[in-house]
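Chain letters run A, B, ... following the sequence lines, proteins first, then strands; residues in each count from 1.
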Amino acid sequence: MLSPAAAAAAAIRAAAGSPSAVRGAHARLLKEGLVHHSPAPAILVSAYAKSSLLPDALHLFDETPRRDLYLYSSLLAAVSHSVSPALAIPILRRMLSADTLRPDHFVLASIASVSARLRSLRLGRQLHAHFVASPYSGDDVVKSSLVDMYCKCGVPDDARKVFDSICAKNSVVWTALVSGYASNGRSDEALQLFGSIPGRGLFSWTALISGLVKAGESVSGVELFVEMRRDGVRIDDAFVLSVVISGAADLAAFVLGRQLHGSAMRLGFLSSMIVGNALVDMYSKCSDIHSAREVFEGIALRDIITWTTMVVGEAQHGRAEEALALFDRMVLAGVKPNEVTFVGMIYACSHAGLVQKGRQLFDSMKQDYDINPGLQHYTCYLDLLSRSGHLLEAEELIATMPYEPDEATWGALLSACKKYNDAEMCIRVADNLLELRPKDSSTYILLSNVYAVNGKWDSVAKVRKCMTGLEIRKDPGYSWIEVGREFHLFHAGEVPHDVREEIMGFLDEMVLEMRKRGYVPDTSSVMHDLEENEKEHHLFLHSERLAVAFGLIKSPPGSVIRVVKNLRLCVDCHTVLKLISEIVQRKIIVRDHSRFHHFEGGKCSCSEFW
DNA sequence: TTAGGGTTAG
């Protein structure tokens, strides 16, 4: 026979997950007068949290007269998994000062999780010091959460030290460290460690593949997924699929992406929201915005990520009207936009010249949704103002905003004042930018061009010196295209031998046709001390042109050409691709560093906003 | 009661 308290605990645990059942259990405890008897409040707090009712859990916590360690650790665990892990800090303070309790191993593990979620190495190290000096310093679960914390905070070497101190290592801690190495760009160590895991399961594979994709090594991620399938690992949940689909998105691997869509269907994960979200993003990044929309419309339950992914997709494809309409639908559906949604929305307005609408959205962030605009929002908003010619207002914004402008902020203003030929402001902004010592080579090129156009040759020399001193070279440009089932990668200035004649012949023919239409090369993006005709030759061999030429030669007549470039399209290539789309009457879509350009009939979807 | 793998921007 169970005691009344034990019976109550069992009833609450059974109710966890269902809000109404947990509330019912709470009401019964109130009636029976058991609600303040430990461990009932602690178990109720966990049950509320598991039913997505954190506010109820916090309320109950405040109402409980005697708060013991059990109650604190339940609440801290709940908060550490919630959307606002930072809430743990005041709770911890209250525990230490108001209730003078010393943290036990449960509390320590939760605080390590909180530090990991907040990416706060300072808090994590403080916690580690407390742990070492505590009576729980041998606890392996706390050590595991410290391993995860150090990985998430970007110091896998510190994680390794804790890992090595664990006597009986289980799959949880192996997985944490593999994920940590991979996502911090240490793929060799991740693979080596992965190879030594006893009994690798789906979790470890997912951690490894996900880490590689996160670190930008999507090719290895996809290869490992193939190996995982060959190994016969059963796909019991949707996580690994969502990860590998996002790898395909990153690579713009359209054929692979469609295959994965098929696999998701066969394996029965098409109704999974995370898979649906990843598919929307994949189609959008593979430049097929219509399929992205089709998948989106088919998703029955949409969360904020579903909506935001679609909004951002429409924005990057330059479809501002669609993005705006989606935003209204989202709000009507009762989904609250987050900070990423607003980045997408302001971006959409910026790239369509919708100044009033963008202004309204920027103001609405704080007023209607209680979201404090971050530096990115200010930069997006400044981009909107300056692109549309409101240069002074944009400069004023930099002076009054509550953040220090960074490279991107000044860069946005610089390209706008260059566009509107405001020489004075150009120099002012360029000087500010040079002070910052940008890391991106394209910024230096922009700077140098601005100084050159304004005859400030001493500053041009200074920029060059800076670049040499910091060993910054122009990032090598490359583009790729998927033809049939194969990828073809093109580097600027390098034409593969086997197709050299065809490509050069095709491009020569295009130049002749283009010149008839008034084309004059714009060599301002070439930063070499070269003669004009040599500069033109450089442009002629830009990677995106080689890839597009290859696609037009090798793909079926009438098919859409989809190319991805690692950098931003240069001004001249933009003009050339518009002309080529008109001459050959084909649709060409280029995904560059920041957006999509749909070239058709001599026009680009970006309407020169890029 | 505590620890690991997931989808959106830059």
Side-chain angles (χ1 to χ4, degrees), chain A residues 9 13 39 42-43 45-47 49 69-78 80-81 103-113 116 136 139-149 151-152 162 166 169-180 182-183 197 201-211 213-214 236-246 249 269 272-282 284-285 299 302-313 315-316 337-347 374-377 379-380 406-408 593-594:
Chain A
R13 286 201 184 95
I43 302 170
V45 159
S46 299
L69 263 179
Y70 196 162
L71 179 59
Y72 269 107
S73 58
S74 295
L75 186 67
L76 287 168
S80 77
H81 292 124
D104 63 3
H105 48 310
F106 295 109
V107 169
L108 292 167
S110 287
I111 300 300
S113 288
Y136 309 96
D139 189 278
D140 281 352
V141 173
V142 179
K143 285 185 187 174
S144 296
S145 48
L146 285 170
V147 168
D148 185 51
M149 180 276 293
C151 289
K152 298 253 164 66
V162 181
I166 299 176
K169 300 175 181 72
N170 61 16
S171 66
V172 172
V173 70
W174 280 100
T175 304
L177 192 58
V178 164
S179 159
S183 53
I197 299 181
L202 181 63
F203 267 50
S204 317
W205 281 98
T206 310
L208 179 64
I209 296 170
S210 145
V213 170
K214 251 188 242 159
D236 291 324
D237 60 43
F239 290 150
V240 75
L241 276 172
S242 68
V243 165
V244 76
I245 291 168
S246 75
F269 291 115
S272 148
M273 189 159 56
I274 59 168
V275 166
N277 294 352
L279 284 171
V280 170
D281 187 50
M282 182 277 292
S284 166
K285 293 222 168 90
I299 296 177
R302 305 188 186 104
D303 69 352
I304 180 61
I305 294 182
T306 322
W307 287 99
T308 301
T309 307
M310 197 64 241
V311 162
V312 169
Q316 290 182 333
N338 68 13
E339 66 284 0
V340 184
T341 326
F342 279 103
V343 170
M345 289 306 298
I346 302 170
Y347 183 98
L375 179 58
Q376 286 159 40
H377 298 103
T379 301
C380 259
D406 69 358
E407 193 183 332
H593 191 58
S594 74

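Distances shorter than 4.0 Å separate some side-chain N or O of A:K152 from OP1 or OP2 on B:dG5. Here A:S210 reaches the OP1 or OP2 of B:dG6: one of its side-chain N or O atoms lies under 4.0 Å away. For the pair A:Q376 and B:dT8, the criterion of a side-chain N or O lying under 4.0 Å from OP1 or OP2 is not met. Here A:K214 does not reach the OP1 or OP2 of B:dG5: none of its side-chain N or O atoms lies under 4.0 Å away.
Below the 3.5 angstrom threshold, one finds no donor paired with an acceptor across the side chain of A:S145 and the base of B:dT2. The base of B:dG4 sits within donor-acceptor range of the side chain of A:T175, with an N or O pair under 3.5 Å. Contact annotation: side chain of A:N170 to base of B:dA3, donor-acceptor pair present below 3.5 Å.
The nearest whole Å value for the distance from the CD1 atom in A:I346 to the P atom in B:dG10 is 13 Å. Computed from coordinates, the A:I166 CD1 to B:dA3 P distance equals 14 Å when rounded to whole Å. The CG atom of A:D236 sits 20 Å away from the P atom of B:dG4 (whole-angstrom rounding).
Heavy atoms of A:Q316 sit under 4.0 angstrom from primed sugar atoms or phosphate atoms, though from no base atom. Heavy atoms of A:V243 sit under 4.0 angstrom from primed sugar atoms or phosphate atoms, though from no base atom. Nucleic acid contact class of A:S171 (heavy atoms, under 4.0 Å, all strands): base. A:I209 comes within contact range of no nucleotide atom at all, as no heavy-atom separation falls under 4.0 Å. Contacts of A:R302 with the nucleic acid, taken as non-hydrogen atoms under 4.0 Å apart, are absent. Residue A:H81 is classed as a sugar-phosphate contact, given heavy-atom separations below 4.0 Å to backbone atoms only. At a threshold of 4.0 angstrom between heavy atoms, the contacts of A:T206 include nucleobase atoms, whether or not backbone atoms are also involved. Among the heavy atoms of the strands lying under 4.0 Å from A:V312 are primed sugar atoms or P, OP1, OP2 only; no base atom is included. Counting non-hydrogen atoms under 4.0 angstrom, A:S110 reaches nothing in the nucleic acid. Backbone-only engagement by A:K285 is indicated by non-hydrogen atom pairs under 4.0 Å involving sugar-phosphate atoms exclusively.
Neither side chain, A:S284 nor A:D281, offers a donor N or O lying under 3.5 Å from an acceptor on the other. Side chains of A:T341 and A:T308: a donor on one and an acceptor on the other come within 3.5 Å. Using a 3.5 Å distance cut-off with no hydrogens or angles, the side chains of A:N277 and A:T306 do pair a donor with an acceptor.
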I'd like to know whether A:K143 forms a salt bridge (Lys or Arg N to Asp or Glu O under 4.0 Å) with A:D139, so could you lay out the CA-CA distance, the side-chain angles of the two residues, the decisive distance to 0.1 Å, and finally the verdict.
CA-CA 6 Å; A:K143 285 185 187 174; A:D139 189 278; over 6 Å; no
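In this structure, A:F106 counts as stacked on the base of B:dT1 under the 5.5 Å centre distance and 30° plane angle limits. The aromatic ring of A:F239 does not sit over the base of B:dG5, since the test of centres under 5.5 Å and planes under 30° is not met.
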